[in-house]
Each structure stands twice: as structure tokens, then as C-alpha cells.
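To find a chain, count down the sequence lines: A is the first, B the second, and so on, and within it residues start at 1. Fair warning: this is a prediction, and the values are worked out from it, not measured in the lab.
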Number of protein chains: 2
Amino acid sequence: MFDVFQDYLSQKITLSAQEFDLIKSVAKIKKLRKRQYLLQQGDFWKYKAFVCQGLLRSFRTDDKGVDHIIQFSIENWWAGDIESSTLGNPSKNNIEALETTTVLLFSNNDFEMLESKIPVFKDFIAALITQSYFASQNRVHDSISMNSEERYSKFLKTYPQIANRVPQHMIASYLGISAETLSRIRKQIQKK
Amino acid sequence: MFDVFQDYLSQKITLSAQEFDLIKSVAKIKKLRKRQYLLQQGDFWKYKAFVCQGLLRSFRTDDKGVDHIIQFSIENWWAGDIESSTLGNPSKNNIEALETTTVLLFSNNDFEMLESKIPVFKDFIAALITQSYFASQNRVHDSISMNSEERYSKFLKTYPQIANRVPQHMIASYLGISAETLSRIRKQIQKK
DNA sequence: AATTCGTCTTGACATTTGTCAATGTTTTTT
DNA sequence: AAAAAACATTGACAAATGTCAAGACGAATT
């Protein structure tokens, strides 16, 4: 399973065989069954997780017990809770496998070691976070400027690989609308 | 005006006098009048801007000519468009001064030079972007999980310094609701 | 094979929010 | 000081969305 990560990294940066070995030596493979949790709200999360195979959802449960999905992570994406692991706070997020999933886990310590020993890797991760930041900014913009139908259509266009692997009501949760409203929007779109 | 930035940096990281001089040597002071633009949608933005004094809004104008405010930046905050300057795309954002404002401008080249010569500075900026990232994630979460009144109340609590320097209809824009709705929400809150 | 569970849809109704128009007030500009 | 522009509020109505309840369908479990 490490080769998925190796392929991923190779496409982004150039590393020596020794550097790959170093990374491999600290990567822990973890398998998750469908519906199994990788992280639960309140836990202290001290890892970075890379998804080799499968599909995860990150979500928060509010006072009323309603889930709100912040992110889906599929193959070649990262998952986790940077906020919790950076600030050392208990995590606000749950992470659950929606399919049988294999992730690579890196403890914070190991990860920092990798960053300090492999500067290119450090820069890559920084660039990754920067990109995640403006992806998030764009999502904020969408949420304040588009109506539900537009947001749904954009979701389909942007994440077709996710859209057909995930139940509708979870897409609704991701978009911040009720499952019923999404169902009606889909009906409307069909008519056109 | 550079001393505002120096004070800011001193609180975050430790730098030598020489390092401060280096930073100062590439910082360009720019004054903006009220309503003056620092950046316009479509421009190529190649800077980082630090606000020494005043207040900026970053926003995007949609097809219908409606503004959507992404961010307010006050003293000791950054402004700009990382997405545009990182990817080299024309900017999606406008940045306008809502008050007489003084910013420190760093060109991308100068900024990279600073990062390479002052590792602590580079790490600090990376940490800053990381924090901005999860602030943005939290805003996404708020937008999908809270109603308008809750979002407004949280805005007041989180940014009291901004709330009373900015017109209501801009807060509405930031929250993704109409000015009329915000007005009614305020009336409701008063009653309680 | 039968049963349970999760998913998606639909109807009916209530609530929230947007839109348009009007008005009074304050702030800015001339 | 007068005029113009920006701002905040309100009413009336329309549109969008949420909530609750019910039912159909298929997948997973026993």
C-alpha cells in the first residue's frame, strides 16, 4: 500500500531512494472497515493521514445531534484535523470510513522529522496547505454567493468521483441543506 | 509605519536587528484613501500586504453585479490574494479600503528572498497560513451548520473590532444574507 | 428467505429568507 | 448650507428551504 503514496509523491516532488525509505519507515498502514472511525470528536489527534484507498468523511456533530460534513477524502487525499494536531486541542471532528479504507498514518513527531530531514517534502506540505486554504476560501465564497442548486451542480462538476460513491443525504450535509431539499433540486435539474 | 509591523513580528518571532533591517529594506509603504482599491478583479497580484492601519475588504463581484465579501482585514492582519499570487492567475478578488489605510507591500520576489534568508520568518508565515486555513474551515462549518442569527451573533463576538467599523450591509454580505434580513435579525435580537 | 436498515422521494405545511419599493436618517460631497 | 449619496429600516409579497410523516425501494444482515 505504500506504493500508492510513493506514486503520489513522485508526481509532486523528486526524492531519492533513501528518502523514500525514510518515509516508508515511519508510515503506519491502517485498515478501516466501512463505518469504522479513524477519529472521534474529543479525541486528541496527533497524526497526518493519507488515503491510499477508500473514502472517508470528516464531520462534526452539533448539540442537536445533527452531522455536518466538512470534507470527503478519497484516494490520494489527506485527512485529519490539523487544527487539533497543531494546537493540541481535543478534536472537533469525527472521521469515519464510508468504504473499506486503507490509510497511511504519520505521527506528528515522525512527520516533523521528515520535514526537517527532507526540505523538499516540507515545502511540498506547505504548498499543499496553502492550496487547501484557498480551496476552503473558495468554498466560503460559494456558500455566500450561490444558491443551493448552483452549489450542488458545482459539487457534481468538481467532485464527480465523490458524487457517485456517497449517499445523497451526505452531499446535502456537505452543502448545508436538508436531504429533502437536495432531492427536490435533483428533480428540478432532471426536468431541464 | 514600519514599526507597527516590527512590533507585530516581535510578538511572534525573534529576529536580529539586521534581519529587521533586511525586511524593512524591501517593505513598501502604501497609503490608501477611503474607497480606493488596492487590487481589482482580473489584475495580476504579486504581493503580500500587511495592514498597519485602517480597514480593507476583500470581495468578489458576481455576474449580476452583486458583491460578496470574503474577508475584512484590519490592523495587524494580512490581505491579498494568495491564490492569484501563488498560481499566477488573474485575481478573483477586489480589495478596497473602507477607511484611510496604510499597508506594507512586499513583492513576491522580495518575500521569497526574506523566507529563504530568514528561516524563522518562513516558518512563521507557514504557520500563519495553516491557521488561516483552519479559520476558513471553521467558517465553512459555521455556514453549513448555523442559521443566520447564530452566524451574526458569532461574528459580533468574534470580531467586535470589525463589527462597529463596518456598515451593516457589508456584514450581511460577509454572512451571505441580504441587508434586509440582517436588519430584521438585529431587531429580533434587541427584543430579547 | 425473511427481516432490518439505510436511502431516496414525496406531500403538506411552517418558517426563513429574498426582492422590491418606500421612507427616514446619517454621512459625504459640492 | 444645500444637495447628493450611502445607510438602515419597514411592509408586502414571493420564493426557497426546513420539518414532519409516510412510503417505496434496494442493500445488508440474520
Q: Would you indicate, yes or no, if C:dT16 has its OP1 or OP2 atom less than 4.0 angstrom from a side-chain nitrogen or oxygen of B:Ser148?
A: no
Q: Would you kindly give the CE-to-P distance between A:Met146 and C:dT17, to the nearest whole Å?
A: 21 Å
Q: By nearest nucleotide on DNA chain C, pick out whichever of A:Val166 and B:Ser178 is the more 5' one.
A: A:Val166
Q: Would you mind reading off the distance between A:Leu98 atom CG and D:dA27 atom P, rounded to a whole angstrom?
A: 18 Å
Q: Mind calculating the distance between CG (B:Leu182) and P (C:dT16) to the nearest angstrom?
A: 16 Å
Q: Please determine, by modelled atom types, if B:Asn138 and A:Glu83 share a side-chain donor-acceptor pair under 3.5 angstrom.
A: yes
Q) OP1 or OP2 of D:dT17 less than 4.0 angstrom from a side-chain nitrogen or oxygen of A:Thr181, does that happen here? A) no
Q | B:His141 and A:Lys92: CA distance, side-chain angles, deciding distance, side chain to side chain contact (heavy atoms under 4.5 Å, CB included) verdict | A | CA-CA 11 Å; B:His141 177 253; A:Lys92 299 176 185 169; over 6 Å; no
Distances for protein N or O near nucleotides 26-30 of chain C N or O, under 3.5 Å:
residue: C:dT28; atom: OP1; partner: B:Lys34; partner atom: NZ; Å: 3.1

**Q.** Heavy-atom check, side chain of A:Tyr8 versus side chain of A:Val4, under 4.5 Å
**A.** no
Q) B:Tyr174 ring centre to B:Arg57 NZ or CZ under 6.0 Å, with the angle to the axis within 45°? A) no
Q: Check the pair A:Phe121 / A:Phe111 against side chain to side chain contact (heavy atoms under 4.5 Å, CB included), numbers first and verdict last.
A: CA-CA 10 Å; A:Phe121 182 74; A:Phe111 207 80; 3.8 Å; yes
Q: Considering non-hydrogen atoms only, spot the tightest contact between B:Cys52 and B:Glu75 and give its length.
A: O-CG, 3.5 Å
Q) Would you say D:dA6 has OP1 or OP2 under 4.0 Å from some side-chain N or O of B:His169? A) no
Q | Worked verdict on A:His68 versus A:Ile70 for side chain to side chain contact (heavy atoms under 4.5 Å, CB included) | A | CA-CA 6 Å; A:His68 302 284; A:Ile70 306 207; 5.8 Å; no
Q) Quick one: the side chain of A:Glu180 and the base of D:dC20, do they pair up donor-acceptor inside 3.5 Å? A) yes
**Q.** Five-pair end axes of the helix from C:dA1-D:dT30 to C:dT30-D:dA1 and the angle they enclose, rounded to 10°
**A.** 50°
Q.
For a salt bridge (Lys or Arg N to Asp or Glu O under 4.0 Å) check, start with the C-alpha distance between A:Asp81 and A:Arg60, then their side-chain angles and the critical distance, and finish with the verdict.
A. CA-CA 11 Å; A:Asp81 184 344; A:Arg60 300 182 188 173; 5.8 Å; no
Q. Taking atom P of C:dT15 as reference, at what distance in whole Å does atom CD of B:Gln188 sit?
A. 12 Å
Q: Indicate, with a heavy-atom threshold strictly under 4.0 Å, whether A:Ile177 touches base, sugar-phosphate, or nothing.
A: sugar-phosphate
Q: Using atom CG of A:Leu175 as one end and atom C1' of D:dG18 as the other, report the distance to the nearest whole Å.
A: 15 Å
**Q.** Quiz item: cation-pi between A:Lys12 and A:Phe124, 6.0 Å / 45°
**A.** no
**Q.** Nucleotide D:dC7, atom P - distance to CZ of B:Arg165 in whole Å
**A.** 16 Å
Q) Contact class for B:Arg184 vs. all strands (heavy atom < 4.0 Å): base, sugar-phosphate, or nothing? A) base
Q) Just to confirm, is there a sub-4.0 Å distance from OP1 or OP2 of D:dT9 to any side-chain nitrogen or oxygen of B:Lys187? A) no
Q: To the nearest Å, give me how far apart CG (B:Asp67) and C1' (D:dC7) are.
A: 15 Å
Q. So B:Phe50 and B:Trp78, would you call those rings parallel, tilted or perpendicular, with 30° and 60° as cut-offs?
A. perpendicular
Q | Separation of C:dA14 P from B:Asn147 CG (nearest whole Å) | A | 20 Å
